[in-house]
Amino acid sequence: MSESNKRKEPKRKFALWVKESSLDLVRKLYKDDNCSSQSEFIEKAILFYAGYLSAEKNKSYLPNVVTSTLKSIVAESDNRQNRMLFKLSVEMAMMMNVIAAIQDIDKLSLERLRGECVKEVKRTNGSFSFDDAVDWQRG
């Protein structure tokens, strides 16, 4: 049924027996859900629960849809991260080549520096900034 037909569908009043605590919950929450009335909130709750029950009956379908959706989200996220890591690697390679071209660093000093950097990055859990490097170099 289309949304406009749902709005035109006549509503029917009937007796509803419900616990007082449930009514208190409706009174408390219906405005938070942008419902104009408690009846609208209860109707939305009924439709939501009916959808839940329908999904329960179609367990073989729902997990496939969820799994497929999650796989595509993860794949897109991986692609984005890979592109950003590639760009970052290019920029770092450029920076390292510029620095290496103007510095005279022997192999032993470079290996010691790499070892110290590994320890420092582990110690800071990967949160090592340029400011940290300046402070570290100055002692």
Side-chain angles (χ1 to χ4, degrees):
M1 186 177 288
S2 72
E3 190 63 35
S4 62
N5 286 344
K6 284 181 186 177
R7 280 189 230 128
K8 292 176 186 176
E9 184 180 354
K11 293 191 175 193
R12 184 172 153 237
K13 188 175 183 176
F14 69 98
L16 174 67
W17 293 92
V18 64
K19 294 177 185 173
E20 188 63 38
S21 60
S22 297
L23 280 178
D24 289 342
L25 193 58
V26 170
R27 286 185 202 105
K28 181 180 170 188
L29 296 175
Y30 83 97
K31 288 182 181 174
D32 292 344
D33 193 38
N34 295 322
C35 292
S36 58
S37 68
Q38 294 173 34
S39 293
E40 181 185 357
F41 182 85
I42 292 169
E43 185 173 9
K44 284 175 75 174
I46 291 169
L47 294 173
F48 178 82
Y49 189 65
Y52 168 79
L53 290 177
S54 295
E56 281 289 304
K57 290 177 185 173
N58 296 316
K59 283 184 180 182
S60 62
Y61 168 74
L62 190 58
N64 292 338
V65 171
V66 172
T67 302
S68 173
T69 302
L70 289 176
K71 280 182 180 178
S72 65
I73 289 170
V74 169
E76 182 56 33
S77 178
D78 283 349
N79 288 338
R80 216 171 320 154
Q81 286 180 351
N82 289 340
R83 286 192 304 269
M84 293 309 295
L85 283 172
F86 179 80
K87 289 178 181 180
L88 182 61
S89 296
V90 169
E91 294 299 318
M92 286 184 66
M94 290 172 57
M95 178 182 64
M96 288 187 283
N97 276 286
V98 167
I99 292 171
I102 61 173
Q103 294 297 319
D104 185 27
I105 301 173
D106 62 280
K107 289 262 188 204
L108 183 60
S109 296
L110 190 60
E111 286 303 313
R112 284 186 190 145
L113 177 62
R114 177 170 285 112
E116 290 299 316
C117 287
V118 167
K119 282 192 249 177
E120 189 64 15
V121 169
K122 281 183 181 178
R123 186 185 71 76
T124 61
N125 200 24
S127 179
F128 191 76
S129 69
F130 188 76
D131 293 339
D132 294 333
V134 169
D135 292 343
W136 187 36
Q137 290 299 319
R138 291 183 180 162

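Nothing fancy with the numbering, it's 1 onward along the sequence.
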* **Leu47 side chain reached by Lys44 side chain, heavy atoms, under 4.5 Å** => no
* Check whether any side-chain heavy atom of Asp24 lies under 4.5 Å from a side-chain heavy atom of Lys28, and answer yes or no. => no
Distance in Å, [X] [atom1] paired with [Y] [atom2], rounded so as to fall on 0.5 Å steps:
{"X": "Gln81", "Y": "Glu76", "atom1": "CD", "atom2": "CD", "answer": "10.5 Å"}
{"X": "Asp78", "Y": "Leu85", "atom1": "CG", "atom2": "CG", "answer": "10.5 Å"}
{"X": "Met84", "Y": "Ser89", "atom1": "CE", "atom2": "OG", "answer": "11.0 Å"}
{"X": "Lys11", "Y": "Glu9", "atom1": "NZ", "atom2": "CD", "answer": "9.5 Å"}
{"X": "Glu111", "Y": "Asp106", "atom1": "CD", "atom2": "CG", "answer": "10.5 Å"}
{"X": "Glu20", "Y": "Arg27", "atom1": "CD", "atom2": "CZ", "answer": "5.0 Å"}

Side chains of residues 127-139: which donor-acceptor pairs under 3.5 Å do they make with residues two or more places apart or in other chains?
residue : atom : partner : partner atom : Å
Ser129  : OG   : Asp131  : N            : 3.4
Ser129  : OG   : Asp132  : N            : 3.2
Ser129  : OG   : Asp132  : OD2          : 3.2
Asp132  : OD2  : Ser129  : N            : 2.9

* Structure fact -> Between Ser36 and Glu40 the two heavy atoms that sit nearest each other are N-OE1, 2.7 Å
* Asked: Would Tyr49 and Leu53 satisfy side chain to side chain contact (heavy atoms under 4.5 Å, CB included), going step by step from the backbone distance to the final call?
  -> CA-CA 6 Å; Tyr49 189 65; Leu53 290 177; 3.5 Å; yes
Check whether [X] and [Y] end up in the same hydrophobic cluster, where Ile, Leu, Val, Met, Phe, Trp and Tyr are linked by side-chain heavy atoms less than 4.5 Å apart.
{"X": "Ile46", "Y": "Phe14", "answer": "yes"}
{"X": "Leu25", "Y": "Leu16", "answer": "yes"}
{"X": "Met94", "Y": "Phe86", "answer": "yes"}

* Asked: Between Arg123 and Glu116, does at least one N-O distance fall below 4.0 Å, as a salt bridge requires?
  -> no
* Asked: By side chain to side chain contact (heavy atoms under 4.5 Å, CB included), which residues pair with Ser22, not counting sequence neighbours?
  -> Val18, Lys19
* Backbone of Ile73 reached by a side-chain donor or acceptor of Ser77 within 3.5 Å -> no
* To do: Would you confirm whether Asp33, through its side chain, and Cys35, through its main-chain N or O, come within 3.5 Å as a donor-acceptor pair?
  => no
* **Within 6.0 Å of CG in Asn125, more than 12 heavy atoms from elsewhere** => no
